Amino acid sequence: MTHYPSRLENVLMRIDLIPKWLKLLIVFVTIPCVYVLVFLTGGIKYSYSHTMYLAIVFAGLSMGAGWGGIVGIIAGIVLGPIMPLSTPFDPSFSGYEYQNIIQWVYRAFIFFLAGSITGLFCDILKRKIVTVTDMLSHNYETKIPNIYSLADHTNHDFVNNKTIVISLLINNFDAIIEMLGHDVYYRLLNKLYLSLVVNMGKNCTIIQASNDKFWITKAYTNYKDDINHIRSVLKQPLSIANIPIFADYAIGIDLIEKQSDCQAIDSYRHADIAAKDAQKRNAPYLIYDDSLSEKKLGIELLSTFLRALEENQTFLVYQPIIDLKTMKTVALEALIRWVHPLHGMIMPDRFIPLIEGTNLINHLTDWVLKTAIDKVLELQKHGYDIPISINISPKNLSDPDFFSRIRSIINASKIEHRMIELEVTESAIIANLEDNQHWMKTMMDDGFTMSLDDFGKGYTSLAYLSQFDVKIIKLDQYFMRHILSDPGVKIIVRSAIDLSHQLGCKVVAEGIEDEIITTICQELGCDFGQGYHFAWPMKAADLDNWLNLNVDQKK
Ligand code: C2E
Ligand code: CA
Ligand code: CA
């Protein structure tokens, strides 16, 4: 609820900013000027005398009813006994003739009324503005300044070199309201506010930022003293209606060394993050540091992810998987990207671990699957029969409906099951080996291709390989990075390839970055390769071009 001033209020506020001496100067320069104007235009009988209202109205508007009236009378006198009816500049001038007293006294009276009424009207309006601003900048229930009052404080508070910004959370506010009602709680807040004001001393701004939160801003020399002051206030029970109530609290702090360090609004946010963390950790206070901000970013990403899916902030890139014999593209791996409106491009390593902690991972995988299906269909229209593999998160596997859901999505699309390959990591399978083995076998029997992703990363045990019902083994990038420098790695890779072949699986070497590694993989009998050496993950728009040059033949 913000009060937006009307145009008139805006004008008044601007006029109010002019210093009083300048207002008086404007008025008392205008009056003689109008006198000269009236004289030069032939005297008071012509209508130029009305110009005087400018000075009178300005005096009333800018200095109130008192000055409006005084200036009205002075103006009336200036255009009164000393201003002739006709001057030598009047074509019908036949000598100086002065106004009779009733004439100019009446005019002076009207001037007086004009000045005082304008001033009175203006005083009422200003008082109204003050009242409305005051109401809006204070919390209705507690009468404590609220965040709308910040505009008055923020700038000068932060001019100081060292400023402490404190977010004070009342942890047990729900319990107090439940037990004693809102009324008692608001009185408690008010009492707490007054005690803080008294204890924190001058140059301290305290506002009630929400129902359970105060923001305190202060210049500091030793911030620990300030925290101790707050804690000593909170240590005392606050007595409302003879009931002693303790406020359980958490304090978050942002320390600003130089004004340029931080925008005011960021500091309040930082202090809030620190306070929330203190609340979680049961700590009496915490000072903000950047690692807390990372958490906040995580929360922000989680809360905006569903919208990101709906608003096409996410998209898929596709990395070709190459047949190491023909050097042609045999499949594509779909990898998700997120272009966040504020944070720009966010890579999956950054947001997928967060998403995996929530049910959102099911939305993500469903979206990836549907987008990949559309791509398969589009490529088929262009004459390319290229399967696309998608990554399945370990968390997807713990959803009992997962496999039946993806099966029905693929069935609804009418594409062949072999066109969508599912990449699952060994650690994900091992987490619930029996159930996953059952599902993987069912999917394989149904014509789906299952790949074992990042093989060797977690368990490095070839013994496990026979336990997984998969068609493709993807050797983790680790092996390609170390195959040249570590002879042991080459032996493992050779054994993994041989064993996979004996089990009837094909092998993809991930992370191939140059020609030497390509040759080694070919020598070791590896079937497929994937890596920057062949192609970086590319946008959908670039795929056609790539496939045109790199598939064996069109359908
Ligand atoms: P991943 O499944 O192992 O995917 C391969 C990652 O290696 C991709 O990173 C790819 O860009 C990168 N890469 C490809 N070739 C090379 C290379 O030659 N050298 C190096 N150093 N890296 C290479 P990206 O796209 O950042 O994805 C990282 C991981 O995020 C993926 O690893 C996968 O686990 C996960 N991810 C990506 N997209 C999705 C998705 O749609 N769903 C799920 N659940 N996970 C995804
Ligand atoms: Ca993968
Ligand atoms: Ca991988």
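These values consider heavy atoms only, across backbone and side chains, with no hydrogens, waters or symmetry-generated copies. Quantities reported herein were computed from a predicted structural model and do not represent experimental measurements. When a ligand or atom number is given, it counts from 1 through the structure's own listing order.
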Do Arg418 and Asp385 meet the salt-bridge criterion of a basic N to acidic O distance under 4.0 Å? yes
Can you tell whether the side chains of Lys395 and Glu356 come within less than 4.0 Å, N to carboxylate O? no
Whether Ser451 has an N, O or S atom under 3.0 Å from the Ca ion (ligand 2): no
Which bit of Ile352 gets closer than 4.0 Å to ligand 1, counting heavy atoms only: side chain, backbone, both or neither? side chain
So, Arg269 and Asp254, do they make that salt bridge, N to O below 4.0 Å? no
Give, for atom CG of Leu255 and atom CD1 of Ile164, the distance between the pair rounded to the nearest 0.5 Å. 5.5 Å
Please confirm whether the backbone N or O of His363 pairs with a side-chain atom of Asp366, one donor and one acceptor, at under 3.5 Å? no
Using heavy atoms and a 4.0 Å limit, tell me yes or no: is Arg481 in contact with ligand 1? no
Is atom 41 (O) of ligand 1 less than 4.0 angstrom from at least one protein heavy atom? yes
Protein contact of atom 29 (C) of ligand 1 - nearest heavy atom, named by residue and atom, plus distance: Asp349 OD1, 3.4 Å
Take atom 44 (N) of ligand 1 and look for protein heavy atoms under 4.0 Å from it; say yes if you find one, no if not. yes
Carboxylate-amine/guanidinium contact Lys471 Glu421, below 4.0 Å: no
If you measure from each non-hydrogen atom of Ile390 to ligand 1, which part falls under 4.0 Å: side chain, backbone, both or neither? neither
Metal site the Ca ion (ligand 3): N/O/S of Glu423 inside 3.0 Å: no
What do you reckon, does His533 put a non-hydrogen atom under 4.0 Å from ligand 1? no
Got a second to check how far Gln530's CD is from Ser389's OG, nearest 0.5 Å? 7.0 Å
With a cut-off of 3.0 Å, does Asp454 put an N/O/S atom close enough to the Ca ion (ligand 2)? no
Nearest non-hydrogen protein atom to atom 6 (C) of ligand 1, with distance, is Gln477 NE2, 3.7 Å
Among all protein heavy atoms in this structure, tell me which lies nearest to atom 4 (O) of ligand 1, with the distance rounded to 0.1 Å. Leu335 CD2, 3.6 Å
Tell me whether atom 9 (O) of ligand 1 lies less than 4.0 Å from at least one protein heavy-atom position. no
Between ligand 1 and Leu316, can you find any atom pair, the residue atom being a heavy atom, that is separated by under 4.0 Å? no
Can you check whether Trp546 and Tyr318 have ring centres sitting under 6.0 Å from each other? no
Do Asp374 and Lys370 sit within salt-bridge range, that is, some charged N less than 4.0 Å from a carboxylate O? no
Quick check against the 3.5 Å criterion: does Asn146 have a side-chain atom that pairs as donor or acceptor with the backbone of Leu136? yes
Measure Arg337 to ligand 1 on non-hydrogen atoms and call it side chain, backbone, both or neither using the 4.0 Å cut-off. side chain
Look at ligand 1 and say whether Met347 reaches it with a heavy atom at a distance under 4.0 Å. yes
Can you tell me if Glu510 has an N, O or S atom under 3.0 Å away from the Ca ion (ligand 3)? yes
Atom 21 (N) of ligand 1 has as its nearest protein heavy atom Glu513 OE2, 3.2 Å
Write out the residue and atom name of the closest protein heavy atom to atom 3 (O) of ligand 1, then the distance separating them to 0.1 Å. Asp454 OD1, 3.3 Å
